[in-house]
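What follows is a single structure, written as structure tokens, with notes after it.
Start at 1 with the first residue, then count along the sequence. The basis for the numbers below is simple: all heavy atoms, side chains too, and nothing from hydrogens, waters or symmetry mates. In listed order, ligands and their atoms are each counted from 1.
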Amino acid sequence: MVTSSTVRISSRKSQLALVQTHWVQAELSKAHPDRQFDVVTMSTQGDKILDVALAKIGDKGLFTKELEVSMLTKESDLAVHSLKDLPTNLPEGLILGAITEREDPADALVVHEKLKDKTLATLPSGTVVGTSSLRRLAQLRHYYPHLTFKDVRGNLNTRLQKLDAGEYDALILAAAGLRRLGMGDRVHEVIDSEISLHAVGQGALGIECRAEDPDILALFAPIIHYPTTQRCLAERAFLRELEGGCQVPIGVHTSIDGNKLTLKGIVASLDGQTLVQGAVTGDLGSPETIGADLAEDLKSKGAQDILNKIFAEVRA
Ligand SMILES: NCc1[nH]cc(CCC(=O)O)c1CC(=O)O
């Protein structure tokens, strides 16, 4: 008889990463009561470098590389990521094995107590809004040029402490992260997709594993969420075609109607002056074609020029 070995799940150590990893561990344990699932934690580069703006360090695998190395060296068997932190091109030998059901992918406004009677639309001129995302910055600057945007780093708790201490008047954060941490009450306003499209993969979890490991891959069937998967594959194909990572002002929104999937996308200039946008509807079964078609559409409208300019500025 062959005894199945323990499955080792690698995770970052942040509170959000651990909540997400423990959720996947519990779901896998429920689906496979005969197997043992252990969690192995590690710090990534993105957790260590906290004094440099994310946009400057670049994003290629900043929050994923150490986890990937541990799978390639067989010190772990799978890794749980916030899908939006997982680059669209994975290292040789690793694949995106599963995408689980998405939380609300929208961004949220979180405000200091003194602004509790305001909304995004009524924030006073000069309000200091913390965000580390060029995507949020560019889109919000377009509609609310009177606000002051300031970079903010650190995990969710650190950011909220900085807000409460008065270093910022408001923050823009993913609603999903706050809710997963049981801090949904800090969501002051969910930002409408007409104002700001969310990041590719936001609110979903991606499980990465070795491409040639059928034993591990077979475990995922019960936890894969089909609609989320199709939406995220369309979003990731769009981003891949534009050669952008998490740290570029690219936003998306997806919706499903029967067997049709609609993907909306935006590429914004950093000053918020130029927004190139479009939408493509296609077959739910071919999400990557939809993503690639939308990327072509936005390129024909000038998206590549915006991106090239940003790469030159940010890396300067
Ligand atoms: N880049 C950091 C990060 N990665 C995932 C989330 C939140 C949860 C998610 O989008 O799945 C966050 C924080 C944020 O953007 O506010």
Side-chain angles (χ1 to χ4, degrees), residues 11-21 23-24 43-50 52-65 67 79-88 96 99-111 129-137 139-140 149 151-163 168 170-184 186-191 193 196-208 225 228-229 231-232 235-236 239 244-254:
S11 173
R12 289 172 54 201
K13 293 176 184 169
S14 78
Q15 204 187 346
L16 179 61
L18 286 173
V19 166
Q20 295 179 163
T21 301
W23 181 81
V24 170
S43 296
T44 64
Q45 236 188 323
D47 299 304
K48 292 174 195 157
I49 312 173
L50 287 172
V52 185
L54 276 182
K56 289 236 182 261
I57 8 182
D59 65 292
K60 292 277 184 276
L62 200 59
F63 291 105
T64 55
K65 188 162 173 235
L67 308 182
V80 179
H81 307 284
S82 288
L83 186 58
K84 85 166 175 189
D85 294 329
L86 186 66
T88 54
L96 179 51
I99 298 175
T100 61
E101 187 169 5
R102 186 176 229 174
E103 252 279 6
D104 181 352
D107 287 328
L109 174 73
V110 180
V111 296
V129 180
T131 175
S132 64
S133 147
L134 299 182
R135 172 185 58 80
R136 291 168 180 158
L137 171 76
Q139 294 185 88
L140 292 175
F149 296 94
D151 196 58
V152 58
R153 286 289 321 276
N155 64 37
L156 280 178
N157 286 313
T158 312
R159 292 184 197 197
L160 290 169
Q161 277 161 18
K162 289 179 178 177
L163 172 71
Y168 298 86
L171 298 173
I172 309 293
L173 295 168
L178 288 167
R179 290 185 181 146
R180 286 211 181 98
L181 287 178
M183 298 192 283
R186 301 290 313 242
V187 175
H188 185 66
E189 179 180 341
V190 172
I191 300 175
S193 65
S196 182
L197 298 190
H198 61 74
V200 165
Q202 186 158 309
L205 307 186
I207 303 180
E208 193 180 13
H225 189 254
T228 302
T229 302
R231 290 167 66 187
C232 291
E235 295 171 15
R236 286 172 64 79
L239 184 63
C246 175
Q247 292 309 316
V248 283
I250 294 179
V252 291
H253 184 267
T254 41

Answer with side chain, backbone, both or neither: which part of [X] has a heavy atom less than 4.0 angstrom from an atom of ligand 1?
X: Arg136; value: side chain
X: Glu103; value: neither
X: Asp85; value: side chain
X: Ala174; value: both

*Should you measure from each heavy atom of Arg180, which atoms of ligand 1 turn up under 4.0 Å away?*
11 (O)

*Numbering as shown, the atoms of ligand 1 that approach Leu173 to under 4.0 Å (heavy-atom distance)*: 16 (O)

*Nearest-option assignment for atom 14 (C) of ligand 1, heavy atoms, candidates His81, Lys84, Arg12*: Lys84

*The one among Ser14, Ala108, Gly203, Gly201 that brings a heavy atom closest to atom 9 (C) of ligand 1*: Gly203

_Spacing of OG belonging to Ser14 relative to CG belonging to Leu181, to within rounding of 0.5 Å_ = 8.0 Å

*Side-chain donor-acceptor pair present, Arg102, Thr228, cut-off under 3.5 Å*: no

*Can you check whether Gly203's main-chain N or O pairs, donor with acceptor, with Arg180's side chain at less than 3.5 Å?*
yes

*Got a sec, which residues hit salt bridge (charged side-chain N to carboxylate O under 4.0 Å, His left out) with Arg236, two or more places apart in sequence or on another chain?*
none

*Contact (N/O only, under 3.5 Å) between Gln202 and ligand 1*: no

*Side chains of Gln202 and Asp107 in contact at under 4.5 Å (non-hydrogen atoms)*: yes

_Close side-chain approach of Thr100 and Leu205, heavy atoms under 4.5 Å_ = yes

*So, does His198 sit close enough to ligand 1 that a heavy atom of it is under 4.0 Å from the ligand?*
no

_Residues in side-chain contact (heavy atoms from CB on, under 4.5 Å) contact with Thr21, at least two apart in sequence or another chain_ = Ile9, Ser11, Val39, Val80

